[in-house]
2 protein chains.
Amino acid sequence: MTPKMKMAATVEKTLKGLQTEVQSTNKMAISVDCVIFGFDENTLKVLLIRSDLKKYKGKWTLLGDLVKPDEDLDAAAYRVLKQRTGMKDVYLEQVKAFGEVDRHPAGRVVTVAYCSLINIQNHQLQILDNEIHWHSVDSLKDKELGFDHERIFDTCYRWLQKRVQEHPLGFNLLPKKFSLRELQNLYEAILSKKLDRRNFRKKFFSMDFLVDTGEEERDVPHRPGKLYKFDFEKYEKKKKVWAGIDF
Amino acid sequence: MTPKMKMAATVEKTLKGLQTEVQSTNKMAISVDCVIFGFDENTLKVLLIRSDLKKYKGKWTLLGDLVKPDEDLDAAAYRVLKQRTGMKDVYLEQVKAFGEVDRHPAGRVVTVAYCSLINIQNHQLQILDNEIHWHSVDSLKDKELGFDHERIFDTCYRWLQKRVQEHPLGFNLLPKKFSLRELQNLYEAILSKKLDRRNFRKKFFSMDFLVDTGEEERDVPHRPGKLYKFDFEKYEKKKKVWAGIDF
DNA sequence: AAATAATGTGTGTAATTTACACATTCTAAA
DNA sequence: TTTAGAATGTGTAAATTACACACATTATTT
């Protein structure tokens, strides 16, 4: 046995020891992973970072981090979001926990997936790390993500598709003022299907939380559409009436 | 530097490396808590155990346990269910993770809540621990649960109310063969509202996964109703057609 | 000035949900 | 044995909601 081999063996044993110790205390690492959606150029996008972990070197992964001992689960997700995008006060909601034993190559890590919707045009948004990039959701079909992030992403995307039909989340992806066409493009991108323009319009107006700003689109090569904004207060009132099943 | 020191340094370095990826200082306990529903005497019930923890001595709490290091999250929930009720092959689904820093008095414990639906009349069911009892869901309004289990229960109950209207889960709470009246009583108990008998019947028949067993109720003090069973195969086929958003 | 392209609006039809009543079958009591 | 009671089993009309669809308007560009 060469010294090198011996050392490797010791290292191996130490790692084993660490695992045993962790076992004895029943403690494990817990992380949050954020599926951060954005909407740009009529395309639904998701923010990914290139993994620096050996096993998944170069593969794209969700933005995540370990949860700190004195940090709420939600707070950890907010922290990741803030650190990575500079944004705060944005839509963020827990989707599901993923806890397979072997989901992480470096050891036992249970992760909690969050879904976030941000407005790409918001001036707050600044992505400092140049390993982080926007990817169109469509293009993910052809990409292999690191860890089990493909499954996590799929779960969150389907969750969003369902959720967006029951609650008005979409607005979080748009600028404060938006045209109905933009809103419809967004919904078509999320649901991945064409919608009837007239029925779409009717539906949203009947929900009665779109407010006409009096302004119109500018610099569009056609008749400009009216700009609306989402009235959160009205919505909150309605929500109570709806007896919303909401967790 | 002696070989031993060198080795130690390498071990140290390896651990550091590992820590950077999975910081051992960031580890914490993870538990599962099961909200186990049953249906008996036309009442929706939930299984609770009297806490033996000092702070919550005597208070009722959900059935839960720490997740073991070599155990999947789902497996841990199944284990709790099996150990406490003797039942296997039952409906169990993750609902949400709860991770407030101070939610557990004994230290940091992140818990993942599961919802389970079991048939109280199943012969498998055996509750050995005499600290475990069924409680009607209605009566929980007047009880103070230990930990944050009130919140967890509320979340799971609302989740169930919503879920049961989108997917046929209810059958898991009933015996294999059941009358439509029993089914309706169940739904009325879960949703906590009266339903129209004719429309209820129409709706379920139109979904086309109720099978007439040819048998009838026995020992009822009135005209006996037909007994039906739920056809899982038919349902599975339908589910695909529905393009079910299901995680 | 005309062509183009998108906005803005309304109506009829189909599908679904809701409300509602009466005859039937069994049990239990007279 | 008869009768009263109570729950099962079934159909239809009204109301609401979802869907399909067409044309006039307003701005831009040629």
Side-chain angles (χ1 to χ4, degrees), chain A residues 41-42 161-162 164-168 174-175 177-229 238 241-245, chain B residues 41-43 161-162 164-168 174-175 177-189 191-229 238 241-245:
Chain A
E41 295 168 328
N42 286 345
Q161 287 185 315
K162 185 182 179 188
V164 85
Q165 298 191 64
E166 299 173 337
H167 301 276
L174 294 176
K177 299 171 184 180
F178 50 86
S179 69
L180 265 180
R181 163 56 52 190
E182 290 176 289
L183 187 61
Q184 182 172 344
N185 286 342
L186 169 64
Y187 273 78
E188 290 183 342
I190 293 176
L191 300 176
S192 190
K193 67 174 176 193
K194 285 270 163 231
L195 302 171
D196 181 88
R197 196 165 57 85
R198 287 157 293 187
N199 292 334
F200 181 83
R201 173 179 288 266
K202 211 187 308 176
K203 184 176 220 160
F204 270 89
F205 284 143
S206 74
M207 288 195 264
D208 198 39
F209 43 60
L210 287 185
V211 183
D212 191 333
T213 63
E215 297 174 61
E216 288 187 335
E217 286 180 302
R218 296 184 138 283
D219 305 318
V220 286
H222 55 73
R223 173 178 176 183
K226 291 185 182 176
L227 292 178
Y228 297 88
K229 63 183 180 190
K238 282 217 175 291
V241 179
W242 289 349
I245 298 196
Chain B
E41 294 168 329
N42 285 346
T43 310
Q161 288 185 315
K162 186 181 180 188
V164 84
Q165 297 190 66
E166 298 172 338
H167 302 274
L174 293 177
K177 299 173 183 178
F178 50 86
S179 70
L180 265 180
R181 162 57 52 190
E182 289 176 291
L183 187 61
Q184 182 173 345
N185 285 342
L186 170 65
Y187 272 78
E188 290 183 341
L191 300 175
S192 189
K193 68 174 177 193
K194 286 264 161 237
L195 302 171
D196 181 88
R197 198 164 55 87
R198 284 159 293 188
N199 292 333
F200 181 83
R201 172 179 289 265
K202 208 189 310 175
K203 184 174 220 158
F204 271 90
F205 284 142
S206 75
M207 289 195 261
D208 199 39
F209 42 61
L210 286 186
V211 183
D212 191 333
T213 62
E215 297 174 60
E216 289 188 335
E217 286 179 303
R218 297 185 138 282
D219 305 320
V220 286
H222 54 75
R223 173 178 176 182
K226 290 185 184 178
L227 292 179
Y228 296 88
K229 62 183 182 190
K238 284 220 175 288
V241 179
W242 289 348
I245 298 192

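Note on naming: letters A, B, ... go to the chains in the order of the sequence lines (proteins, then strands), and numbering restarts at 1 for each one.
- Atom P of nucleotide dT17(C) and atom CG of D196(B) are separated by 14 Å, given to the nearest angstrom.
- Here dA6(D) presents its P atom at 17 Å from CG of N185(B), a figure rounded to the nearest Å.
- A side chain to side chain contact (heavy atoms under 4.5 Å, CB included) with Y228(B) is found for exactly one of L183(B), T213(B), D212(B), namely D212(B).
- Out of dT10(D), dA7(D), dA27(D), the shortest distance to the side chain of R197(B) is found at dT10(D).
- Summarising the geometry, the separation between CG on N42(B) and P on dA7(D) is reported as 12 Å, rounded to the nearest angstrom.
- Rounded to an integer number of Å, the gap from H222(B) NE2 to dA6(D) P is 11 Å.
- Out of dA28(C), dA20(D), dA7(D), the shortest distance to the side chain of P221(B) is found at dA28(C).
- Contact annotation for R198(A): base contact, defined as any heavy-atom pair under 4.0 Å involving a base atom.
- Regarding F204(B), its CZ atom lies at a distance of 17 Å from the P atom of dT10(D), rounded to whole Å.
- One interatomic measurement links the two molecules: CZ of F205(A) to C1' of dT7(C), which rounds to 11 Å at whole-angstrom precision.
- A distance-only check finds no donor-acceptor pair linking the side chain of Q165(B) to the backbone of K162(B) [under 3.5 Å].
- Listed nucleotides dT18(C), dT9(C), dT27(C) differ in distance to R201(A); the shortest reach to its side chain belongs to dT9(C).
- Residue K202(A) places no side-chain atom within donor-acceptor reach of the base of dT17(D), judged by atom type and a 3.5 Å distance cut-off alone.
- Residues K203(A) and V220(A) each lie close to DNA chain D; by heavy-atom proximity, the contact nearer the 5' end of the strand is made by K203(A).
- Within 4.0 Å (heavy atoms only), K226(A) reaches sugar-phosphate atoms of the nucleic acid but no base atom.
- Spacing between atom CG of N199(B) and atom P of dG9(D) amounts to 16 Å, rounded to whole angstrom units.
- Side-chain N/O atoms of Q184(A) and E188(A) include a donor and acceptor closer than 3.5 Å.
- Between the side chain of R181(A) and the base of dT7(C), no donor-acceptor pair of N or O atoms lies under 3.5 Å.
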**OP:** Determine, step by step, whether V164(B) and L186(B) satisfy the side-chain contact (heavy atoms from CB on, under 4.5 Å) criterion, reporting the C-alpha distance in whole Å, the side-chain angles of both residues, the deciding distance to 0.1 Å, and the verdict.
**Re:** CA-CA 11 Å; V164(B) 84; L186(B) 170 65; over 6 Å; no
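- In this structure, the CZ atom of F200(A) is 18 Å from the C1' atom of dC21(D), given to the nearest Å.
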Check your understanding: Can you list the steps and then say if H222(A) with E217(A) is a side-chain contact (heavy atoms from CB on, under 4.5 Å)?
Key -> CA-CA 10 Å; H222(A) 55 73; E217(A) 286 180 302; 4.1 Å; yes
